[in-house]
Asks: 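This is the structure I have questions about; it appears just below.
When a residue number appears, it is its place in the shown sequence, counting from 1. Only this structure's heavy atoms are used, side chains among them; waters, hydrogens and symmetry mates stay out.
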Amino acid sequence: MDRRTFLAQTGRTLALTWTAAAAVSAEPAVAETQATAAAGSARQVIVLGAGLAGLAAAYELKKAGYAVAVIEARTRPGGRVLTYRDPFADGLYAEMGAEYVDATDEYDHRFCKELGLKVMTAKLYDAIFVRGQRFKMASFKQNKERLPYAGTEGGRLFGQEAAYLKRLLALIADPEKLPPEILKLDNLSVVELLLQEGAPDDVAALFTYTQATESTARPHEMSALHLVRSHRRSFSEDTDEGRILGGNDQLPGGLARALSGQILYRRPVRKIAHDGDGATVSFEEGGVLRTLRAPRLVVALPFKVLRDIEVTPSFSPAKTKCIATLAYGHVMKLAMQYQRRFWDEPTSLGQRVFTDTMLRRVYHFSIDQPGPRGILMSFTSGADAEALGRMSEAERLQAALQEATKIWPEAPRHFEGGAVKYWNEDPWIRGSYSFEGVGQARDYLQIAAAAEGRVHFAGEHTSVHRASMNGALESGVRVAAEVRKAEGA
């Protein structure tokens with residue numbers, strides 16, 4: 001598409017008038033475009049990022065009658081929602097990014113229903129492999145077997161740290177009004193708190209493979225205040241994890257189709273300038289810098305990416321610090337294709353295994369697809385993801401196969417290949433999702449979500465449902481309502 005056609009089509013779609021200005025100085029040719037409001041209308045919003053948060057915000061604003069421009073660095077929508085299909089045989093696919101749609105995920109289910117998508121229930125964990133020992137989950141839950149970790153109780157896998165939090169939990173009369181002794185826990189890590197409360201080292205070690213894995217963090221990085229405040233709603237072996245039938249990419253794909261022509265792909269943002277009348281965004285377009293201005297701006301980018309974008313004037317000191325320091329973990333998904341589904345056989349330990357190997361979580365992904373081939377998926381994080389990240393892709397898959405062989409000795413006979421996605425090396429994400437690091441559980445969520453004048457913020461890191469597709473969607477809905485309220489709509 002040539003520039004004239006692009007400008008004409010974009011102008012029609014966004015109800016904005018674009019005009020070009022000449023390049024200046026002896027620098028490489030840089031053209032500047034200005035966007036001014038169409039006659040009689042100031043209901044325009046620029047959204048940065050076509051992940052679920054940005055898509056949901058733009059979708060809701062469009063329904064409310066706003067002209068919306070979504071600026072996205074990638075060639076696709078979805079952000080951390082990424083479904084791989086091409087690397088696999090027989091129509092198999094794998095979720096290489098965000099995967100789960102829990103039964104209680106209000107916004108996931110709302111948007112799936114609106115887009116005509118079906119959510120299926122995944123299998124629960126049916127086995128445990130830790131410290132070289134094998135456990136069937138059914139007998140384990142009946143307290144017939146115990147974990148090889150000192151200080152743990154029988155019959156459950158997750159939540160072993162709860163026994164060492166009782167003294168602190170007794171101090172909380174109202175979860176909305178935490179006492180000073182609880183608030184100061186934000187200065188401690190999870191490991192420091194557990195040891196302080198008398199937990200043996202093994203309880204902290206097990207936490208590494210339970211809740212810390214779900215947070216993609218290491219326990220010594222995680223705020224103790226977050227642990228105490230969230231323990232009742234933490235992930236467990238009984239969490240109802242579903243996903244979208246046929247691939248999670250259908251969710252951002254459906255939202256993107258509803259915004260057809262309003263998403264500008266392959267345009268990485270370089271600068272944000274904001275004032276009392278609106279915001280101007282500078283982005284690359286084919287190696288040339290362009291600008292677009294609107295009365296409102298929604299930033300739906302991970303803070304790790306926003307750190308490298310020039311902002312003029314700087315945001316408030318609290319927001320600037322939050323952007324610069326918000327904690328993100330390490331995460332890797334490995335999808336291994338096998339010509340035979342040996343994990344389904346009666347002699348198998350299980351189909352969905354919790355493990356302390358480098359794989360952390362390994363499970364039969366292809367439950368909605370016919371055999372005989374299938375995919376074992378691994379979700380690994382923290383130190384193990386970082387260690388695998390230092391390897392080549394071939395080495396990562398070989399290491400994954402070696403780890404899988406510890407659980408299923410027959411794995412090498414049936415292995416055909418696979419795919420890897422290490423999100424920390426993705427230039428437009430640079431990490432996993434956010435978590436509350438030490439010193440960040442008390443007020444970082446409120447700071448991250450707060451608007452700065454005419455600049456609004458969305459993303460899982462701004463949601464009470466952080467680290468999830470549900471949280472990303474919720475933040476988009478929230479910020480759309482925030483824009484409308486600010487505009488008096």
Side-chain angles (χ1 to χ4, degrees), residues 100 102-104 121-170 172 190-191 193-215 217 219 222 224 226-242 342-364 367 376-382 384 403-409:
Y100 298 124
D102 294 352
T104 58
T121 301
K123 289 180 64 67
L124 297 178
Y125 287 101
D126 57 1
I128 304 168
F129 180 81
V130 291
R131 293 185 170 175
Q133 297 187 31
R134 299 164 176 265
F135 305 90
K136 290 281 191 178
M137 187 65 78
S139 61
F140 175 79
K141 285 184 174 181
Q142 294 171 9
N143 209 7
K144 295 179 180 179
E145 301 168 301
R146 298 182 69 87
L147 292 171
Y149 287 83
T152 59
E153 301 174 358
R156 64 175 178 169
L157 175 60
F158 285 72
Q160 293 287 351
E161 65 280 355
Y164 303 94
L165 303 179
K166 291 180 180 178
R167 181 188 71 83
L168 296 166
L169 294 173
I172 303 175
V190 166
V191 171
L193 174 64
L194 291 176
L195 296 180
Q196 174 182 290
E197 294 300 310
D201 290 343
D202 267 9
V203 170
L206 181 61
F207 189 90
T208 299
Y209 298 103
T210 55
Q211 297 299 350
T213 288
E214 296 306 314
S215 297
M222 302 173 67
H226 168 75
L227 171 64
V228 171
R229 193 170 55 192
S230 66
H231 84 285
R232 289 188 179 88
R233 49 186 171 84
S234 293
F235 181 92
S236 79
E237 62 268 28
D238 297 317
T239 300
D240 182 3
E241 301 174 307
F342 48 82
W343 49 82
D344 286 342
E345 297 174 3
T347 56
S348 169
L349 175 62
Q351 293 182 330
R352 188 172 179 83
V353 183
F354 166 92
T355 171
D356 63 354
T357 68
M358 291 186 81
L359 300 180
R360 299 279 182 105
R361 309 279 190 274
V362 60
Y363 46 95
H364 175 200
I367 59 174
L376 279 180
M377 176 69 76
S378 165
F379 171 89
T380 188
S381 67
D384 287 324
E403 297 293 89
T405 303
K406 297 176 183 177
I407 305 169
W408 298 279

Asks: Would you find a donor on one side and an acceptor on the other, under 3.5 Å apart, between the side chain of Ser230 and the backbone of His226?
Replies: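 Checking the backbone N and O of His226 against the side chain of Ser230, a donor-acceptor pair under 3.5 Å is found.
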Asks: Give, for atom CG of Leu194 and atom CG of Asp201, the distance between the pair rounded to the nearest 0.5 Å.
Replies: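 CG of Asp201 is found 10.5 Å from CG of Leu194.
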Asks: To the closest 0.5 Å, what do you measure between OG1 (Thr380) and OH (Tyr209)?
Replies: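 OH of Tyr209 is found 9.0 Å from OG1 of Thr380.
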Asks: What distance do Asp102 atom CG and Thr121 atom OG1 have between them, rounded to the nearest 0.5 Å?
Replies: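 Rounded to the nearest 0.5 Å, the CG-OG1 separation comes to 10.0 Å.
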Asks: Just grab all the salt bridge (charged side-chain N to carboxylate O under 4.0 Å, His left out) pairs involving residues 126-137, residues at least two apart or on different chains.
Replies: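 Matches after skipping sequence neighbours: Arg131-Asp202.
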Asks: Check Ala404 against Leu359 and note the closest heavy-atom contact, atom names and distance.
Replies: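 Smallest heavy-atom distance, with atoms named: N-CD1, 3.6 Å.
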Asks: Is a side-chain donor or acceptor of Thr208 paired with a backbone partner of Thr213 at a separation under 3.5 angstrom?
Replies: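 No: the side chain of Thr208 does not pair with the backbone of Thr213.
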Asks: Would you give the length of the straight line joining atom CD of Gln211 to atom CG of Leu206, rounded to the nearest 0.5 angstrom?
Replies: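 Gln211 atom CD to Leu206 atom CG measures 10.0 Å (nearest 0.5 Å).
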Asks: Which atoms form the tightest heavy-atom contact between Ala204 and Pro219, and what is the distance?
Replies: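 Minimum heavy-atom separation between Ala204 and Pro219: O-CG, 4.2 Å.
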Asks: Do Tyr149 and Gln160 come within less than 4.5 Å of each other through their side chains, counting heavy atoms only?
Replies: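 Contact flag for Tyr149/Gln160 side chains = no.
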Asks: Indicate the ring-plane relationship of Trp343 and Trp408, choosing parallel, tilted or perpendicular according to the 30° and 60° boundaries.
Replies: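 Ring orientation, 0 to 90° scale: perpendicular.
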Asks: Using a distance-only test with no angle check, is there a side-chain donor-acceptor pair under 3.5 angstrom linking Glu145 and Ser139?
Replies: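 Side chains of Glu145 and Ser139: pair found under 3.5 Å.
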Asks: For Ser381 and Ala212, which heavy atoms make the closest approach, and how far apart are they?
Replies: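 Closest heavy-atom pair between Ser381 and Ala212: OG-O, 4.2 Å.
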Asks: Which residue pairs satisfy the salt bridge (charged side-chain N to carboxylate O under 4.0 Å, His left out) criterion with at least one member in residues 345-364, sequence neighbours excluded?
Replies: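 Listed once each, the pairs are Glu214-Arg361, Glu241-Arg352, Arg340-Glu345, Arg360-Asp384.
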Asks: Could you tell me if Thr355 and Thr357 have a donor-acceptor pair between their side chains, going purely by distance under 3.5 Å?
Replies: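 Yes.
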Asks: Testing the basics here: between Tyr125 and Phe354, what is the closest heavy-atom pair and its distance to 0.1 Å?
Replies: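 Shortest heavy-atom contact: CD2-N, 3.7 Å.
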Asks: What heavy-atom pair brings Leu157 and Met137 nearest, and what distance separates the two atoms?
Replies: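 Minimum heavy-atom separation between Leu157 and Met137: CD2-CE, 4.3 Å.
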Asks: Apply the test side chain to side chain contact (heavy atoms under 4.5 Å, CB included) to residues His231 and Leu169: give CA-CA distance (whole Å), side-chain angles for both, the deciding distance (0.1 Å), then the verdict.
Replies: CA-CA 10 Å; His231 84 285; Leu169 294 173; 3.2 Å; yes
Asks: Look up atom OH in Tyr164 and atom CZ in Phe207, then write down how far apart they are to the nearest 0.5 Å.
Replies: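 One gets 14.0 Å once the value is rounded to the nearest 0.5 Å.
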Asks: So does Phe158 get a backbone contact from the side chain of Thr210, meaning a donor-acceptor N/O pair under 3.5 Å?
Replies: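 Answer holds: no.
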Asks: If you take all heavy atoms of Glu237 and Lys141, which pair is closest and at what distance?
Replies: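 That would be CG-CE, 4.0 Å.
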Asks: Within this structure, what is the CG-CG distance for the pair Leu165 and Leu227, rounded to the nearest 0.5 Å?
Replies: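 If I round to the nearest 0.5 Å, the distance is 5.0 Å.
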